[in-house]
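Structure record follows, encoded as structure tokens.
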Amino acid sequence: MTLPETFGARLRHAMDTRGPLCVGIDPHASLLTAWGLNDDVDGLERFTRTTVEALADRVAVLKPQSAFFERFGSRGIAVLEKAVAEARAAGALVLMDAKRGDIGSTMGAYAETYLRKDSPLFSDAVTVSPYLGFGSLRPALDQAVLSGCGVFVLALTSNPEGAEVQRSTAAGGKSLAQVMLDHMAAENAGAQPLGPVGAVVGATLGDAGVDLDINGPLLAPGIGAQGATPADLPGVFGAAVRNVVPSVSRGVLRHGPDVTGLRDAAARFADEIRAAVASV
Ligand SMILES: O=C(O)c1cc(=O)[nH]c(=O)n1[C@@H]1O[C@H](COP(=O)(O)O)[C@@H](O)[C@H]1O
């Protein structure tokens with residue numbers, strides 16, 4: 001059996017050719033209203049279609065946040081399925097932001113949902129939580145490699161409450177987040193140009209204060225609405241900034257529904273990110 005091209009290779013190519021920006025598709029009720037849409041499935045569908053049409057042919061990654069679709073039940077999931085397929089067809093990598101985490105046998109079902117090629121929600125990568133134990137993620141890690149997909153594992157999240165858990169000291173004296181990052185580095189060892197396991201590290205954190213040398217991508221949410229800026233990236237990530245995929249949701253989406261407004265906002269973030277990375 002020949003394995004598909006790796007996620008790391010596909011992501012690196014997308015970052016090199018399109019720039020590393022990830023735009024999140026987060027159809028908040030308040031954004032639907034601001035776009036002149038109803039907070040219903042039709043509004044969700046128009047919001048999502050407009051965002052995909054505006055951005056899927058130019059940004060490296062689109063990251064739909066599953067909760068905003070799930071809240072409309074099966075019809076919302078249908079909108080999500082269509083968006084994933086259309087975004088991928090237009091050349092964007094789709095990172096499904098589902099933040100799944102469960103015991104390993106259930107994690108296998110999540111892995112099939114997002115990472116098995118014949119699934120209606122098949123995506124290029126998915127976000128997961130390792131805080132049921134890194135080993136509980138094994139089915140997702142294995143399925144990702146089989147499908148040429150990625151898994152983004154929460155390490156240090158952008159919300160202030162995260163530190164209580166993630167900065168706590170694990171057996172052996174390291175922070176819990178560092179233990180998880182060490183597992184990710186082990187998964188990615190030897191992969192070229194990047195391994196399939198990414199870490200999620202908030203751009204809001206100041207100096208991350210952990211070893212981010214995991215040979216994998218680093219998703220950096222928190223830019224825009226949560227207060228971080230692209231100029232903060234070198235301070236948080238240091239030399240690892242070249243592997244960072246900075247992520248913005250509301251900071252771009254608030255410029256819709258005008259397609260040009262969305263594209264210009266994404267281009268401004270992309271320019272600021274390029275300048276910040278070049279400064280390191
Ligand atoms: O995994 C994520 O994407 C994520 C991790 C994290 O630590 N913080 C974080 O904000 N996110 C997600 O990133 C998006 C941030 O949205 P904005 O604050 O509007 O840019 C939301 O969909 C969050 O769920």
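Both ligands and their constituent atoms are indexed starting at 1 by order of listing.
Under the 4.5 Å side-chain criterion, counting only non-hydrogen atoms from C-beta, D57 is in contact with R263.
Listed by chain and number, D26, K63, Q65, D97, K99, T127, T157, S158, V200, L219, P221, I223, A225, Q226, V248, S249, R250 each place a non-hydrogen atom less than 4.0 angstrom from ligand 1.
At distances below 3.5 Å, at least one donor-acceptor pair connects side-chain atoms of D232 with backbone N or O atoms of T229.
In this structure, E112 does not pair ionically with K117, as no charged nitrogen and carboxylate oxygen lie closer than 4.0 Å. Between D102 and R100, none of the side-chain N atoms (NZ, or NE/NH1/NH2) sits under 4.0 Å from a carboxylate O, so this pair counts as no salt bridge. Ion pairing between a basic and an acidic side chain is recognised when a charged N comes within 4.0 Å of a carboxylate O; R268 and D271 show no such pairing.
Ring orientation note: the planes of F134 and H183 are close to parallel, at an angle under 30° on the 30°/60° scale.
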